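Presented below is the structure to which this report refers.
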Amino acid sequence: MTMITGSVGRKGANKPDDVRTVQSLLNKKRPAPLKPVSVDGVSGKETESAIEELQRRVVKLYWPDGRVDPLGRTWKALSEASPTASTKPAAPASGASTSSTGTSGNLSGASWWRANQAKFPNSRSVEDLEGGFKLKVKAFLAALSDAGANVSIASTLRNKHRAYLMHYCFKVAKGQIEPSKVPADDAVDIAWDHGDDATSRKAAQEMVNLFNIAYAPSLTSRHIAGEAIDMDISWSGSIKVRNKAGNLVEVGSPRNGADNTTLHSVGATYGVHKLVADRPHWSVNGH
């Protein structure tokens with residue numbers, strides 16, 4: 001059986017023999033009129049793009065990453081025996097998972113989440129924010145600290161696979177998508193389809209309850225890009241917070257970061273913008 005010893009593609013180990021193996025298999029899977037990739041043992045943009053195209057068209061990944069990992073879902077799809085690529089263009093990807101029902105070990109629900117949650121951690125550390133936004137947040141936090149405000153950080157960088165789980169457990173539970181139509185995420189071994197819609201929705205609702213979700217979670221949150229921070233800010237009396245220009249701004253009541261528009265204005269001078277609709281949420285653009 002054909003195997004690879006390490007990852008191939010974007011940020012992969014890219015051993016030449018493994019790369020040539022993947023390139024050869026990609027050519028067998030590529031439909032016309034897509035031209036074959038060069039079988040040269042070098043993983044560049046051409047090979048990475050071909051892997052992404054396979055991940056979208058065949059593996060149905062929501063987040064194609066341009067990499068093939070040994071024993072991963074992309075490798076399985078790539079190495080499965082198949083005839084030579086068709087001379088006709090492939091049908092457009094529907095975005096749906098190709099699996100029907102799962103095994104007892106990967107069926108969605110409360111038990112699945114308790115067994116797997118450690119794989120998808122969120123962060124509360126400012127250090128995990130995107131570089132430019134991190135500097136802006138640090139400057140704003142320093143100004144708040146100098147003014148005597150109390151800051152409690154609840155969330156910074158959000159794991160994109162956790163966001164995927166939150167988004168789709170909500171949609172399945174509320175009947176907004178059929179369990180069998182949920183797009184796959186190569187990093188998440190979960191089956192949303194339990195064989196019937198009622199059981200599938202019940203299992204998804206168990207996860208909704210554990211996540212304590214009230215509204216449909218976004219797949220495009222600024223948290224996923226490291227460009228948002230959830231924090232509670234409070235103080236006593238009136239405080240004077242220095243804005244980016246170095247001017248002291250008196251901030252009185254209401255004495256919380258969610259409702260005080262004067263503090264919002266100070267934060268904006270640092271490039272940390274308040275989303276008023278979400279009480280703890282500040283971000284690079286207010287979304």
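Note that the coordinates shown come from a computational prediction; the quantities given were computed from them, not determined experimentally.
A donor-acceptor pair under 3.5 Å is formed between the side chain of His281 and the backbone N or O of His287. Formation of a donor-acceptor pair under 3.5 Å by the Tyr270 side chain with backbone atoms of Val137 is not found in this model. Checked by atom type and distance alone, the side chain of Glu48 never pairs as donor or acceptor with a backbone atom of Ser43 at under 3.5 Å.
We find the NZ-CG distance between Lys11 and Asp65 to be 10.0 Å, quoted to the nearest 0.5 Å. Atom CD of Glu53 sits about 11.5 Å away from atom NZ of Lys29, to the nearest 0.5 Å.
Applying the side chain to side chain donor-acceptor pair (under 3.5 Å) test to pairs two or more places apart or on separate chains, those with a residue in residues 115-127 are Asn116-Lys119, Ser123-Asp128, Ser123-Thr156, Glu127-Lys138.
Evaluated for a side chain to side chain contact (heavy atoms under 4.5 Å, CB included) with Trp75, the options Asp69, Val8, Leu25 yield exactly one hit, Leu25. Screening Ile190, Asp193, Leu165, Val172 for a side chain to side chain contact (heavy atoms under 4.5 Å, CB included) involving Ser108 leaves a single residue, Ile190.
Heavy-atom minimum distance, Lys136 versus Gly271: CD-O, 3.9 Å. Smallest separation of non-hydrogen atoms from Val39 and Arg20: CG1-O, 3.9 Å. The shortest heavy-atom contact between Thr21 and Met3 is CG2-O, 4.3 Å. Here the shortest heavy-atom pairing between Ile213 and Cys169 reads CD1-SG, 3.9 Å. For the residue pair Thr47 and Gln23, the shortest heavy atom distance occurs at OG1-NE2, 3.1 Å. Taking every heavy atom of both residues into account, Pro179 and Ser200 meet most closely at CG-CB, 3.4 Å.
Residues Ser152 and Asp232 bring no donor and acceptor atom of their side chains to less than 3.5 Å of each other.
Relative orientation of the Trp112 and Phe120 rings is parallel, given thresholds of 30° and 60° on the angle between their planes.
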Please lay out, stage by stage, how Asn209 and Gln205 fare under the test side chain to side chain donor-acceptor pair (under 3.5 Å). CA-CA 6 Å; Asn209 295 342; Gln205 184 62 49; 2.9 Å; yes
